[in-house]
There are 2 protein chains.
Amino acid sequence: MNIQQRATLDDVARLANVSPKTVSRVFTQRDLVSAATVERVLAAAKRLKFRPNSVARNLRGGASSTVGLIIGEMLNPFYSRVATGLEKVLSEHGKTLIVATTDDTAEGEERVADTLLSQRVSALLMIPVGEDQSYLEGERQLGSPVIAIDRPARNLVADSVVMENRNGAFEATRSLMEHGHRKIAYICNPANVYTQVERLRGYREALAGTGKAAATPWERLIDDPAIDPVHVVSELLDIADPPTAIIAGNNRMCVGVLRALHGKDNPPALIGFDDFDTADILGVSVVSHDAMEMGRRAGELAMERIADPTGFTQQLVLPTRLILRGSGERPPLAS
Amino acid sequence: MNIQQRATLDDVARLANVSPKTVSRVFTQRDLVSAATVERVLAAAKRLKFRPNSVARNLRGGASSTVGLIIGEMLNPFYSRVATGLEKVLSEHGKTLIVATTDDTAEGEERVADTLLSQRVSALLMIPVGEDQSYLEGERQLGSPVIAIDRPARNLVADSVVMENRNGAFEATRSLMEHGHRKIAYICNPANVYTQVERLRGYREALAGTGKAAATPWERLIDDPAIDPVHVVSELLDIADPPTAIIAGNNRMCVGVLRALHGKDNPPALIGFDDFDTADILGVSVVSHDAMEMGRRAGELAMERIADPTGFTQQLVLPTRLILRGSGERPPLAS
DNA sequence: TTGAAAGCGGTACCAA
DNA sequence: TTGGTACCGCTTTCAA
């Protein structure tokens with residue numbers, strides 16, 4: 001096998017006996033070139049295995065054909081659904097998706113943002129992790145739109161797509177209350193992020209009724225990825241006045257709770273946040289939201305902002321939906 | 001908000017009163033520049049919010065800092081685990097990952113391969129879908145290594161990372177036989193792909209014992225994404241001589257079978273291929289393999305091939321492991 | 001240690 | 001309909 005040289009516009013031009021510019025036209029504005037020339041050029045291109053270099057192409061215009069997405073990790077189905085929705089939109093617009101992950105750390109976020117911006121992505125989409133995205137302010141002014149997904153960016157002017165966290169949690173809590181529960185737990189990890197803060201608020205408001213929303217004895221707000229949900233749940237159920245129902249703050253936590261409750265005789269009611277693949281089989285009630293739709297909307301927002309960087313920034317709020325499948329309708333144990 | 005111009009090397013050079021080349025050195029071979037100059041340049045760069053353009057940088061060398069990955073879809077946890085492992089390796093090498101999806105169609109594959117190659121990815125990794133990847137042969141000769149993951153490429157010289165499909169299926173079948181099963185079904189969709197062909201072979205060989213491996217009455221080899229697994233399973237269990245055990249060819253099919261068996265009184269034994277998130281909770285026995293490891297190995301292979309495009313191509317085979325969690329140990333119904 | 005000039009693979013502008 | 005020329009942002013010679 002011999003490594004050949006990759007053919008360039010000039011090579012094709014020479015072989016086809018036209019100017020490089022004409023070759024360029026054939027690949028971009030074909031209708032401006034006579035049919036005969038087009039044919040000749042294409043033949044030459046094929047013979048030389050020529051393929052336009054979109055990198056060089058974009059060097060001129062400034063705007064590249066890539067869009068960057070920063071997420072915590074691809075294993076999380078929530079993240080990958082967002083990526084899926086986004087990729088769909090991008091491919092419709094002839095853009096490709098560069099995915100970078102941060103392992104859910106703020107340092108990682110800044111590092112990969114830097115890398116992506118060096119690649120001159122035409123927009124930077126992200127599910128923010130850090131407490132502060134002000135480091136991107138300069139970029140935005142330089143014309144790289146930033147779109148925050150799932151959580152708004154902080155200290156940065158950016159469009160965002162979020163969902164009705166508070167209301168989702170409110171409705172889940174109310175539903176549990178309607179089934180007779182009063183001692184309802186809320187467990188999440190991490191806790192110190194926008195989505196959890198909002199959900200917690202909805203949970204507290206529902207429990208407070210018309211009173212003043214306040215912390216409850218059944219909240220477990222954890223901020224340590226190393227902590228095993230199973231342990232937390234077991235401990236929670238062993239306290240003096242244990243909850244009769246649990247709301248799990250996200251999909252990971254929900255699966256953890258399921259694992260903890262597995263085999264238990266009279267499990268508390270359970271409602272999770274985020275739907276997941278086998279939730280129907282396991283009969284798990286969840287507050288569902290359309291993560292793919294979030295990705296899609298974020299992508300559209302990005303396209304919009306690329307076309308008009310000066311427009312007003314928007315915040316899109318997508319609805320949530322309570323899906324009852326059994327685990328959320330279990331009544332409290334008669335005591 | 002005013003959109004400014006993005007600063008270039010030259011702008012920085014002008015402000016720092018040095019030549020562009022010196023600025024370039026500061027960002028690439030800093031030790032060749034005097035400390036005082038470095039400082040001056042960095043100050044100027046900071047003031048102008050300069051960020052080196054890695055696209056322009058790579059234009060010269062030919063090799064870009066991106067690697068392309070073509071997968072069917074990101075929603076499939078198997079694919080996203082592969083992507084995760086790959087991304088880890090790439091980020092260690094300072095490369096970024098461009099992900100493109102094909103919706104598991106051959107046309108999609110060729111289309112996105114074209115897009116990625118136009119971006120001059122330094123390597124093209126893919127989980128092949130189409131029957132034929134010969135359309136990439138030219139590229140390989142042009143120096144773009146191709147690495148096939150999960151299934152070998154066809155009609156193309158390419159490295160690949162696959163797993164012990166045949167043996168995995170063989171062991172699963174043997175395990176079921178040891179639990180007393182003789183009428184064992186194999187269900188998959190799609191069926192006409194390398195992995196399934198191999199697994200089917202392992203299944204048949206186990207059933208044949210020392211005899212000649214042949215098709216069994218309990219095979220359901222489907223090739224239509226629109227067909228509902230639930231339906232197939234129900235039908236299979238209604239035949240005159242129904243199976244007492246089922247092997248599901250992949251994670252999707254396994255969840256489908258679970259759904260179909262859900263609520264059934266005396267469900268057949270079940271072993272799935274590919275582990276999944278809640279398999280432990282559901283007590284599902286599976287043939288497990290490390291998809292992240294596949295991605296990782298594929299990434300390493302890519303780095304190797306980028307460094308030395310003329311080396312021998314390799315095929316890596318990763319092991320599988322049978323995990324028994326209950327569903328695979330159910331004995332056949334006494335009849 | 002620093003700089004000048006050419007060029008990477010294309011495109012935009014203007015002219016023919 | 002086609003071509004010439006400059007230039008995108010940076011790096012690579014080679015010299016100073």
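Note that these values count all heavy atoms, side chains included, but never hydrogens, waters or copies made by symmetry.
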In whole angstrom, what separates [X]'s [atom1] from [N]'s [atom2]?
{"X": "A/R25", "N": "C/dC14", "atom1": "CZ", "atom2": "C1'", "answer": "11 Å"}
{"X": "A/L59", "N": "C/dG9", "atom1": "CG", "atom2": "P", "answer": "12 Å"}
{"X": "A/F27", "N": "C/dT11", "atom1": "CZ", "atom2": "P", "answer": "10 Å"}
{"X": "B/N58", "N": "D/dG9", "atom1": "CG", "atom2": "C1'", "answer": "12 Å"}
{"X": "B/L32", "N": "C/dG3", "atom1": "CG", "atom2": "C1'", "answer": "14 Å"}

What nucleotide, of [options], holds the atom closest to the side chain of [X]?
{"X": "B/T22", "options": "C/dG3, C/dG10, D/dT2", "answer": "C/dG3"}
{"X": "A/L9", "options": "C/dG10, C/dG9, C/dT2", "answer": "C/dG10"}
{"X": "A/K21", "options": "C/dT11, C/dG3, C/dT2", "answer": "C/dT11"}
{"X": "B/T8", "options": "D/dC10, C/dC13, D/dT1", "answer": "D/dC10"}
{"X": "B/S19", "options": "C/dT1, D/dG3, C/dA4", "answer": "C/dA4"}

inquiry  = Whether B/S24 contacts D/dG9 is assessed here as follows: a side-chain N or O lying under 4.0 Å from the phosphate OP1 or OP2. Is that the case?
reply    = no

task = State whether A/T37 places a side-chain N or O below 4.0 Å from either non-bridging phosphate oxygen (OP1 or OP2) of D/dT2.
result = yes

query = Any donor-acceptor pair under 3.5 Å linking the side chain of A/R47 with the backbone of A/L42?
reply = no

ask   = Above 12 or not: heavy atoms from other molecules or residues under 6.0 Å from CD of B/E39?
value = no

task = Decide yes or no on side chain to side chain contact (heavy atoms under 4.5 Å, CB included) for A/I71 and A/T102, but give the supporting numbers first.
result = CA-CA 6 Å; A/I71 56 180; A/T102 63; over 6 Å; no

query = How do B/A56 and B/S34 order along DNA chain C: which one's closest nucleotide is nearer the 5' end?
reply = B/S34

inquiry  = Please compare B/A7 and A/P20 by the position of their nearest nucleotide in DNA chain D and report the one closer to 5'.
reply    = A/P20

